[in-house]
Each structure stands twice: as structure tokens, then as C-alpha cells.
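Contents: one structure, followed by commentary.
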Amino acid sequence: MAQARTSQWIASLAFLAIAIAAPFVLPNNMSQLVDLMVFILIALSWDMLGGQMGYNSFGNILFFGIGMYLVASTQVWMGGYSLAEYNSAKGGNLESFVVTAPVYVTSLIIGLAAAAVLNYFVGLFVGSQLLQTRGHYFAVGTLGLGVAAGEFAGTMDVLGGGSGMNFLQPPEGVNLTMLLYWLGLGTVMLFIAFLIWLHRTRFGFVMNAIRDNEDKAEAMGLPTNKVKSVSWAVAAVFTAIAGGLYGAGKNFIDPTEVAFSLPTIGVWMLLMPLMGGKGTLWGPILGAVLFQLFKEFFWTYLFGWQRVALGLLIVIIVVFFPDGVMGGINALRERLFGKAKSAGESGEAA
Amino acid sequence: MSEPILEVRGVSKHFGGIYANQDISLDVPKGAIIGLIGPNGSGKSTLFGSITGYHPIDAGSIRYEGREIKHLRTAEIARLGLIRTFQQTHVYDEMDCVRNMLISRPLRGGDLRSLLHHPSAEDRERAEDLLEFVGLASKRHLLAGSLSFGQQKLLEFAMALMNEPDLLLLDEPTAGINPTLINGLIDRLRQANERFGVTLFVIEHNMRVMMNLAQEIHVLAGGRLIASGEPRDIQNDPRVIEAYLGGS
Amino acid sequence: MDNILANLQLLTSLAPTINIELIANGLLVGAIFALITYGMALVWGVMDIINVAQGAFVILGGYVSFYFVNAMFQIAPDTPRLLWIILSMPVAAVAVALFAHIVFKLVIERILDRDLFVALLATFGIELVMQQGMNQFFSAEERIIDAQLPTFAFMDYMVNIPGSRLLGASLGIVAAIFIVGLVRYSRFGRAIRATAQNVRAARIMGIDTNRVYAMTFALNGAICGIAGSIVAFVYVIHPFQGLVYTLRAFAIVILAGIGNVVGVIFAALGLGVYENYSGFILGPEFQDGMVFIIVPITLLVRAWIMRRKRQYLK
Amino acid sequence: AQTITLGAAVSQSGKYSTNGMHTINGYNLAIELINARGGVKVGDTTYKLAIKYYDDESTPARGAELAERLIKQDGIKFLLGPYSSGLTKAIAPVTEKYGVPMVEANGASRSLFTNGYKYLFAVLSTSEQYLSSAVSLAAEMAKKEGRDPSSVRIAAAFENDPFSQDVRAGVLDDAKSFGMKVVIDDSLPKNLSDMTPTMTKVKALKPDLFVVSGHSKGAATATRQMAEQNVYVPMVAMTHCDSADIVGKFGKAAEGILCAAQWAPSLTYQDDLFGTAADFAKKFKEKYGYAPPYQAAESAAAVEVFTKAFERAGSLDQAKVRDALAATDMQTFYGNIKFDKNGKNIAKPMVLYQVQNGELVVVAPTKWAQAKVVFPRKRN
Amino acid sequence: MTTEEKNPEKRAETGAEKKRRISGYHQGDVSTVLSVDAVAKEAQELASKRPDRAALWKLAGDEPQLTIEGLVAGYGRMEILHGVDLAIGKGQSLCLIGPNGAGKSTVLHSIYGFTRIWKGSISMDGRDVTREKPNRKLAESGIAYILQDNSVFPDMTVRENLLMGGYLLDSPREAAEKADAVLEKYSRLAARANQPARVLSGGERRLLEISRALVMDPEVLLVDEPSIGLEPRFIDMVFDILTDLQHRDGKTIIMVEQNARKGLEFADLGYVLVAGEVAIADRGDALLENPDVGRLFLGG
Ligand SMILES: Nc1ncnc2c1ncn2[C@@H]1O[C@H](COP(=O)(O)OP(=O)(O)OP(=O)(O)O)[C@@H](O)[C@H]1O
Ligand SMILES: Nc1ncnc2c1ncn2[C@@H]1O[C@H](COP(=O)(O)OP(=O)(O)OP(=O)(O)O)[C@@H](O)[C@H]1O
Ligand SMILES: [Mg+2]
Ligand SMILES: [Mg+2]
């Protein structure tokens, strides 16, 4: 038990050390590293529901998109401009809307915080409603919500409509990718610490209980509804922050293709936990890293066939590695060293 | 007998055209062990469901410790200390036995903050104790989903005791359990009743269990309560023999 | 807002005949959705697999049909177009069924007993492969089959029923009736229903459930092939156009309720009409949003009703 | 020989892949011809040209990532544009950030040129000009019929994406200046498959001019459904008819439709690399087997502009090349090119085709008109 | 009607029980309270005297129809059965008893092909069927399985459910005849013949599942806990069906039963399974008399 806990912290520290070294080792891959932080965030938050609670959501893209628009809008607003005016030249008119470096940085951070807070309540509300459905209904219901959100965002002129919206240009002296990376890494570490703590509490147990047998959990008096909504709300917070970081990094928001892009980010966020091993802490993180590596590799070397390769990769993973890489590692470890830890203890460590 | 902990008054419940419970009234006195028998499909499990808020009832009232509970949801009722087990086993498949037990620790308020603690050493000790008792100590780190049918049944029973209920509704606790172990179970049920004052309300088809355990038995047939009384009387009641124990 | 009012006015007082056209065209579109969704619902119900690649199968059927018809025009330029278009359906059906069978053998068979999430991802992977594969093989150009059918006009050209849509919808209905009959009355159909209701029991009855799955998936492929031919001469095919159909099929299954086959047809027709009206009244840019928002809304209403019975929508 | 590698992220899959293919073909043809002539002479050295491509999958986020990758990881110093305004919008901030000159040929949205980007140059006319000649044509026709231009009623259906929405803005501005009334103003969804509601509305309101823009799929869908639903409007104008090949696909149904184009093979421009516009068309057809849509022509022109700038700068220094680009003032087979301070080409007008007897014929501006516009469209 | 009356030759020794018209679960006191560990320890001792293969074959009349030899099987990486032998002759019935988790269901699973088999073999009529797939078992070896839990088709009517039992029969008419024969015999099912199976109560459902075996017409029938959750009268009815199947139709039956007394009364052979091994094997009635078995597995 205590040993499991220390190994969690050791792993976290190792991760942190690597992450701190990364920008110095790979200075030319900064934007990929920012994306990686974003991916880790969305993978971990998806896993809170999908892996730990057994609710497969396609709707997390909702929070991602809202977060992104909110951060962009907060920046414009804190820069002292009117959003409608800014977006009146559809897509955002950057030349006449400039801000100073301090304003840019603070507005970014405040925007992220605002996105976090707002999405907590969005998650709570949507969760309290949609989480009343289960299984396929829940999956497709959230899918509908995600798709509809993008379509409606594209009709809102104040957000630039279908032409999308630009983030403010970072002023001189702001190294945006660096800033985003450190913000992203900070959030990731916060999230990891939070999850390590959470999964040891009875709250974490209840999440698993809901996954395994919700009827039983209810019969035993566990507050399943509250736990479900709050978990989704927490997931929404981190997904929204991820959305804000991603949008700021890409600079341009298209409603259906960047913000609420279901066929890409929306699916990736569940693919990553599956690759790494869902329902564990390090699985989604590992999955995000692997996914980012594979994706970049495919896009570089399999030009024209990269989606075919990605598709095949997905198929191979779900068919042959049902428990993800973590599952494979555990199986290997058991084969090599016998059952070092019982299923239960490592389950708890998850 | 003493104060009733549970008062069921005129409860009816139908599913489509099937009247599973019709106008059932009975009391469960505090601290007693009460039995419920009846043919298959007579509405026993449905009555448990009605009591624990599994489905809304059509008519009647259900009072627990003097308080109307028919409007409450299952989890709220459970948090009042009224716990049930299921006829078909219900355990948390993907967790090991110890965790199954730890989750079952009572949670009375339903406040989320009370969930933000780690399980205490005491809880663990109690969990191990109960597992030992139902013979699952050696399986404590197996996933509950991989236990045999009977073992799951036992685990579920242990989980119910872990919850320290005031009133425990057991739906066929000994079905699929080895006869020798059944004796042990009955013993433990009596202990729980005597030492901790847990009131028991038990469905069973196994009359050996019923006769040796229950202080009073209610008999359902066709969704109606047809007889109530002490085990010996029930066994000789012609209506009960006709409907359940075996006709001429 | 003014816009919406003006559109409403058009519907109610200025040109009420528009209603007829909107409804008629909605129903015709709905019939095509119904066919596609019927296949999806079959696979969903029997195998518990949500086939995300459904739309890609449809598009594949469209391409088969397109190339078949074009080749036939070249070989026999003087024969009637319609003949080849109708013949292209069985061709596409067989081709896509074969393709589906290969997919089944390679992938689906291995994930049958796993959870819905795995099936979703696996079929999503297949969709990616198919999309880009079609893009590479058939190029990204939009393809159409020009059926050159007349449009039937009524009420002084205010109500128009394009012949191609009429043909598409009627062929769709014929195919659907055939399939419903197959499932209801044949021995294979009995095996399908048994497998859908309780796999383990079906196995114990001696039904080779794996074969049932394989046949079901191939049958769905055939349905998609037919639907694809229809799409090719009613709309446009494009390697990346499949998602439109997949998402709508999802919506329709959910609206109808999983396992409700008759419901699929009504939900599909209803969705066709609803879509046309929301496009007309709010503007086409709201059309997709309105289609998809109806999914969670319906679910919420139904969950709410279920909750009063203390049950859940599963 | 040494090589200058240009970078480009172009859609090879996704909804823009048709036009992405035209773009790539245009780029490649230009490179091939330039290299065949020996390459580019910069200062004293002669370089061959090459292009490193990535597939942006028609998604802006991917486009931005790939631009960054081209610049940071692949060390590319000069970028060619992607296809579509949306993608260009996503990429421009990146090139701007790293000071990488980009000459683009397929991002026409006006809003690209209000941001003060210093490294972005577009050889094409911006999108608000696409259909404005159709609006003035409608005004002209109205006058001929003895009506006031302000009596013209316009129905507009534009895809909800940056490019088409800009075209729409241009049409609305022009309509306003003539005092015309826009009776339908629909935005088409990006995943367009059906335009029935719009068609129904058009039929009910009987406008005088129907303008449509939604890339290739929009053009194809609109043409088919107009015919199928018996929608008759005296004048119909759209974009992307040539890349969608509406004539080949629909034959008679396309008759009389006006098409906005950046370029046409019958124009009289010429340069020393490709020869005349017609020469370009011929070379292109030889190589790729189909007549070049304007997307291919403008893409080839973009490469040409780059080469000329390299030569004039006499250096591969990014800032110097940028300044040389900014000073561009030349004629190409594709048209005259001169950038304003925002980097958009102000020296080249749009042309308007009309489908007449199954051919795309230039009808405006009058300077290049091959035939007179047929008005009103025949009913079929 | 009760079992005893139908098979007078089989039942002489259970005189005390004879007075009850319905036997269902047996009566008796519950004073023998043994802890699980105590049972396990004593059972382990019993297991040391495990019968050898020859003895088992002899019990099966030396001409067994279905045999299991040295079966080592389990799930995933977990080994549950450690070398189980079993033999049963044509037309015999066999009851497996033992503590919870001993591996009884696993034996049936293995015969049907649901487990992972490392070692050992299973043969039917001399033919090796160890690796035969579950969905071929009924068609090729004539082995049918009645599962421990739910196996009706919920949305088909009771009659259709019976008809499904005849899925493999050559003609639908044959299946229909058999189904009607079943309905004629069991009025409780006949009353519900045209209702969907999902509205049946647990007991009626069990009845349907077991009587469906009459339509399926297998050679060997595997039954997992036929009496679980049944009211006493139904238990007798279920055993009536099984008796019918065995004695009238000459089927071979292998059954797992926790209602051990009832099971052993019915079965010709009884095996006690402890911790994945056969600890005792004997004639069913002899096991009932065995004091060790009584104390450890029959609840005293
Ligand atoms: N959810 C439901 N929907 C429809 N009918 C139901 C439902 N639950 C129970 N029933 C029906 O109600 C009746 C009573 O069922 P119940 O499960 O209460 O019986 P029981 O007394 O517990 O029987 P058993 O001893 O077999 O468990 C049965 O006819 C059953 O089919
Ligand atoms: N799917 C499974 N995966 C792993 N272990 C399993 C699985 N199913 C059963 N087991 C283990 O196999 C052992 C024997 O199980 P089995 O179901 O055969 O017992 P049984 O004798 O039928 O018991 P019961 O009387 O309780 O039904 C148990 O200890 C159980 O934990
Ligand atoms: Mg019951
Ligand atoms: Mg068992």
C-alpha cells in the first residue's frame, strides 16, 4: 500500500523531470510538446469518466471548444476591445487590436481560469442531466451534443460565425509556445497529483463502483448521481484548460474543425487512454505520448497514407492490446516476476 | 413484539398487466428476524424492490422508523440504514474482494465530503474479518467478477454486513450455497441479529433455513399476502400448503 | 429573427404549397436514411456493435455503382441509362457485402465480445482507412451519377418531386421490405433474432453465432451498397462524405430506441422532414445543429420519463 | 546543384482534397518548368527548386502544426500557401511569427489582409470580388430591360466557411451600392449534402439573381438540385464551377450558369516561363490529363512570383526576399501581379465565365469576353 | 406426483423423507456449524484417498460414453481444475457436489469448451472432443448445456423458445411436434405459451429452460444447478423432467447441484469435488449414507 503510493510519487517526479528537460532537448519541437501536454490533459480527463466510471463520453469536446472560445474572448475583452467589433471582420481583425505583453499573459491566465470555472458548472449541469442515461444512449447522446455545439458555434456572429475567430497576436517579448508549455505542464502536474490523491479516497472507490455495477452502488447507499456529475465537472475543468491552451497555440479557431472537432480531437481523447490502458493513472499519459509520437511519425513518413496508418494502428491496438500498453506491461511483468503485486493492490494504485 | 422498524401498508405494484404486489400490509418489528416465502413469481422480490425504492409503488405507504420513504430514491433509503441484497448476484466485478468490502462501509449522510477520506485501518480490519467469516479470505485479492456463483453470493452477504445496516433485506441468501456453509450463515445471521441488533427480513425457498431462522413468516401468493405467523403454524397452514409447500 | 419570421410567413400564408414540397422531399430523403439506418440498427442490435464506418461503406457502394455505370455507358452507350443504374445496385450490394465480410474476418470477429467502446474505436479505425483509401484510389473529386430522370411537377411547378429521389426512395423501401421479411420469416432470420436476444442461449441451441454475426455484417454491407448507389444518383459521393450518414444513422437509432426496427423507419422519415423544416425556417446553417441537438434532447426527455419509473435509459 | 526547398501544407484528404490536388499540380508543373530551364539564379549561384509537402487534411489546426513543423523541424525558409482561406488563416500567424515569407494562391478571404501580416503575399484577387461582377451584370441587364437596378432581387446561398462568407460580404456590399434587395441570405452547412430548403425558398420568392458559393461540392449540389427541383432564376452565378466540372457532370443542367474565376485560358496575359495563358493550359493538360482550373493556374503563378523575388533579392535572406516580394510588379500568364501593403494582389481583375453550349466561355470583363452573355437563362 | 412414486425401485432407503409429499429442499436442523476452513481441511484429507481411474470407470459400467482424463483447466492464467477424471455410461446420471468454488461449474464449462484447457482430454463415444468449439458441441457431439443462469430468448414467446430448441432439427414440423408435446405436459408453461418469455418468473423460466432440452434432443445433457431459486414444488417438477429424460429417453445427464441431497437422490453416480480435484466418487445413494459427506457437504 505505502509502497504503491511511493512508486506513484516516484513516477510523477520522473515524469516531471523529463518534462522539464524536454524543451531543452527538443527546442524545435515546442509546439508538439505543447500539444502533448494538451493531449495528456484531455486523455486523463476523459479517463475519469470513460476509464474509471465506465461512461464513454464523446461529449468532452464540448468543454474543449467552450474553453477555447472563452479564453480567446477573455483575451479580447481584457485587451479592452469589444468582441463583436473584433470579430466583425469575420475571423478577427488583428492589426488594429493589439495588447501589451503583461496584458496578454494575464488575460491568458485569467481566461484559462474563467474557462475552468465556467466549465465546472457546465459539466455539472450537463452531467446531472445526461448522466442519467447509460451505455450506448449516453455515448451517442454526448456525441450529439458535441456535434451540435460546433454547428451552433458556427452560427454565432459574435464569435466570428463559420469563418472562425483568431486569438490575439502575442505581442513582442512573449514566447507563446514556452508560456503555453509551462502552463500546460503545471496543469498536468496538478491534475496528476489530484488524481493520485483522489483514487485513494472513497470517492475514487465509488467511481469504480459505478463502473462495475451502478445498481449495486445505489443499493448500498452511495451517492452515485453526485459522484458522476462532479467527476464530469472536474474532467470538464481540465478539458477546458486544455482547449484554451490548444487554441492559443494554434491561434485560429474554426468552430467545427478546431474547437469542436469531433473526428479528430474528439476521438483522439478516447483513443489515447485506450492505447495506454484505460482506468489507470499512467495509461492515458503513456497513451498520449505514444499517440503523439505515432501521429507525428505517420504524418511525416507516410504522406498520403497517414490516416490509413492511423486507422490500422487503432484497429491493431483495440484488437490485440485490449488493455493497452499498461496492460501489456503488467502481463509481461507478471510473466517475468510472477504476481509481484496482487490485482487488487495495483488496482488501487490506479 | 417491539416497535415496528418497517411498516408496509397497502402496497400495490403492477408491471404492465402483471399484478406483482396487491395491497400488501405487514410489519417488521425492530430486532426481529422475519421470513418471506411464496411460490416463484409471487412478488417477493418485487416487494423488496418496492420497499427499497427500486420502482415507484402504485399505492400504499412504506414507513421506516416512523418515516414515509416511498418517495425516496434507493440510495437515500440505503443511507438510512436499510440495505438489501439481490437474488441475482451483484458485486463490483472489476475490483478485488477487499475493495468490494471497503466501498461497502456505511455512508450515512450522503455528503460528498465524507467520501474524501481514505479508508481507515479499522475498516480494513473489519473487511478482513468478514471475508474470513464467509470463507473468502484466501480469495481476498481476486477480482469479484471471477468468483464462482456461490462465492459471489457470499461476498455480497459480507458486503451487506459491512454496511452495518439497521434493517437488512436478504433475497435468497442461501441459494447456491453449500449446505454445510448454510448452517454457518444462519449462525452468523443470528449473531448479527442478537449482538448488533440488525433486523432481518429474509426471502428463502429453503424451508430448512426458514424454520430454523425466522421468528415470524409472511407468505405471498399471486402478489397477495395469504398468511402470516410463527414458522410452525405456517408449516401447517392449509392455505400455505395449498399454495406453496405442496398440495394434496 | 426577422428572417425566421419571414420564412414562417412564407410557410403559413404566402406560399403554403411549400409545405407539401418540404414534407415530400423530407420523406424521400428520410427513406434513404431509413435504409442506411436499418443496416446499422441490425448490426447494433444483433452484435452490439456501433458501426462508425457505416457511412464509409455507403460511399464505397456509391463508388462501385459509379464505376460500374460509367463502364457500362462506355461499353454499351445506347442502352437505357436507367437499366444500368438499377443493375448497379445488386453489383454494389455484392461488392460491399464482400468487403464487409473481409472486414469482419480481419477485425470485427476478434472484438465481438468486448465492450461497445472497443467496437466504436475499431470501426472508427476502419473508417479512417476506408476514407483515405478511397481518396487515394478514387481521387477526391466529387462524383455523381446523372440519372437524367424527369422531375414531376405539381401545382404549377410549386411542388416538385425529382424522379431520382423518388426512384431512390422506392428502391430503398423495396430493399427494406425484403430485408424485414428475411429477418422475420427465414430460418436465418430466426437465428439472427435469437442471437440478438441472448447469445449464449443461441449458442447452446446449436446456432453458429459467429456465422450469424458474419452474415449480419455482410447483410449490412449489402444494404450499404444499395444505399450507396442511391446516394450516388441522388446526391454526391466523396470519400469524406460518409460521416454525414453515419451521424444521422446514430441519431435515428437513438430517436427510435435501440432495437426498435419499426421505429427506425418512422424516426428516419421524421428526421428527413424535421431537417428540411429547420433548414427552411432557421436557415441551412442551423440544419445540422438542429439534427444533432435533438438527440440529447430526446434522451433527456426519455430519461426523465424513465426516472419517474426509477429506471434508466440503457 | 543546390536546391531551394519550398514548403507547403496542402489538403490531400478531407473536403478540400479536390482543390488541394489542383493546387499541388499547379505547384509541381511550375517547379518542373523552372528546373527544366536550369533553375533559379540567386546572386551567383543557380538553384534547383523543390517542394516539401504535408497533408493538412483540410483541418486548420493541422495546417498550423504542419507550418510550424516545416519551419522549425524541416528548416524550410519559404512557404507556399495551402488550399482555402480557412487553412491560410491558420497558417499565416505561424509564418508571421517566424518571419517566413509565404506566397499563397488559394486564400482569398478579405480578412486575411486586414491583419497587417508582413510576410503574406497573395497572387489572387480577394474573395469579395468573386461575384461582384455578377451583381453588376445583373444591374446592367436590368437597365437593358428598362428596369431600375435597385429592383433586382438577389438570393444568396453561401457555405459557412471563411472563403464563402467573404464572397458573401462582397455580394452584399455590391448589392447595397445598387440598392438591390437580398431576399434570401442562407449559409450552407459545411457538411453540405442537400440544399432542398434553400431551393424551395428560391422557388417561392423568384429572385432575379441567384448566387452560390461552397467550393466544388456546393457547385455540384446546387447545379443538380436546381435542375431537379425545377428552380428557375434568370441569372445564376457561382464559384468553383470549373473545379467541380459541372459541365461534364450535368451537361444541359449547367447551361447558362455564370462562374466566377480568377483566370481563364483565353486571357491574353503571358510571360517568359509559361508563355501565354493558353500555353499554360496546354502544358497542364498534357501533363495531368485535364484542363487546368484556375486553382492550378494561380498556384503555378505563386511559384513564379517566388522565383522572381529570389532573383531580384539576389539572396536567400528571408527579410530580403520579403522586401523583394513586396516590390513585385510583373505580368505572368495568369495576370498582372502587384501587391499592396497588406500583401494582396491589386493588379488583376476576376473574370466571369458562362456555360454556353457545354463550354465555359468568358463573358466579362468585356476586354476578354469571348461571347456575349446569354440572359435570361433558358428554361429547361 | 413425486419422484419416489415414479421410481419406486430407486428409492427405498430414504424412508424418513417419504412422508413429505413434496421433498424440495430437505428439512433438518442446522446445528452442524463448520467454518469454511475446517471444511476445507477435512476435505483435503478426504481428497488424499482420491479414487483411481479404474474405480471411476467401473462405476460407469466400464463402458463410459463420456470421459474426462486428467483434465487441467481454468480461466486466463488461473488453473482451477488440477487433473480431474470423470466417466459416465450411456443413460446414467451423475451429480457433482462440493463446496463453493470447488470447480464444479468449471467441469461443465470445460466439457462444453468454455475454458482454457492445458492438459488432459475429454472424449465422447470414444471421439476426442477436447478442442471442439462450443457452437459445434450440440450439432456434432450431441451435448446440450443448461446454464446456471438465464438462457431464454426474452422477446420470443414461450412456444417460440421451445421451437428454438429444435433449431438443429431437420424439419420445423418435427420441432413443432416436440414443442407441443412439452406444452401438453406442463400446463404452467402451456398457460403462458403465447406470452413473451421475459414476463416469466424465475421459476417458470427455469422450467422452460429445462423442458426445452426435451425438444433439443441431445445425447448428453449438462445441467448447472437446476433447482436454484425454485420453489419446492418446482424443484420436484424439474427433477421429474430430468428423470423423464434419463429413464424414458435414455439421455445421459451430468448435473451440478448445491441442493446436494436432492441431487444425490436423483443421480446414479455422485462425485465430490474439492479444490479442483475429485475427492470421493461413488454411487449416489452410497454417498448419501457416507457420514463424512453428510457432515461436510450436506449440512449434517
Ligand atoms: N421489471 C419487471 N417487469 C415486468 N414484470 C416483472 C418485473 N419484475 C417482476 N415482474 C413480474 O412480477 C412477478 C413477480 O416477480 P418477483 O420477481 O417479485 O417474484 P418472486 O416472488 O421474487 O419470485 P422468485 O421466487 O422466482 O424469485 C412475476 O410474474 C414477474 O414476471
Ligand atoms: N471467469 C473466471 N475467471 C477466473 N477465475 C474464475 C472464473 N470463473 C470461476 N473462477 C474461479 O474458479 C473457481 C471455481 O469456480 P466454479 O464456478 O467452477 O465453482 P463452483 O464449484 O461451480 O462453485 P459454486 O458452487 O459457487 O457455483 C473459483 O474459485 C473461481 O474463483
Ligand atoms: Mg425473487
Ligand atoms: Mg457453479
Among the options C/V234, C/V159, C/I161, C/V236, pick out the one with the most heavy-atom pairs lying under 4.5 Å from chain D. C/V234
Which answer fits D/L205, side chain, backbone, both or neither, if we ask what part of it has an atom under 4.5 Å from a heavy atom of chain C? side chain
Counting heavy-atom pairs closer than 4.5 Å to chain D, which one of C/I144, C/I18, C/V231 comes out on top? C/I144
To see if you've got the definition right, give the donor-acceptor pairs under 3.5 angstrom between chain C and chain D.
from, atom 1, to, atom 2, distance (Å)
C/E21, OE1, D/K203, NZ, 2.6
C/E21, OE2, D/T200, OG1, 3.2
C/E21, OE2, D/K203, NZ, 2.7
C/N25, ND2, D/Q229, OE1, 3.4
C/N135, ND2, D/Q12, O, 2.5
C/A140, O, D/T18, OG1, 2.8
C/E142, O, D/K249, NZ, 2.9
C/I145, O, D/R224, NH2, 2.7
C/T151, OG1, D/E228, O, 2.5
C/N160, OD1, D/N230, ND2, 2.7
C/N160, ND2, D/Q229, O, 3.3
C/S164, OG, D/E228, OE2, 2.7
C/R165, NH1, D/T196, OG1, 3.2
C/R165, NH2, D/D194, OD1, 3.2
C/R165, NH2, D/T196, OG1, 3.1
C/F233, O, D/R224, NH2, 3.0
C/V234, O, D/R224, NH1, 3.3
C/Y235, O, D/R224, NH1, 2.3
C/Q241, OE1, D/K217, NZ, 2.6
C/Q241, NE2, D/L192, O, 3.1
C/F280, O, D/K201, NZ, 3.1
C/E285, N, D/S187, O, 2.8

Is it the backbone or the side chain of C/I145 that comes under 4.5 Å from a heavy atom of chain D, or both, or neither? backbone
D/P189 and C/P284 have their tightest heavy-atom pair at CD-O, 3.4 Å
Measure distances from C/F280 to the heavy atoms of chain D and classify the residue's part below 4.5 Å as side chain, backbone, both or neither. both
I'd like to check the disulfide bond (SG atoms under 2.5 Å apart) partners of C/C224; sequence neighbours left out, ordered by chain and number. none
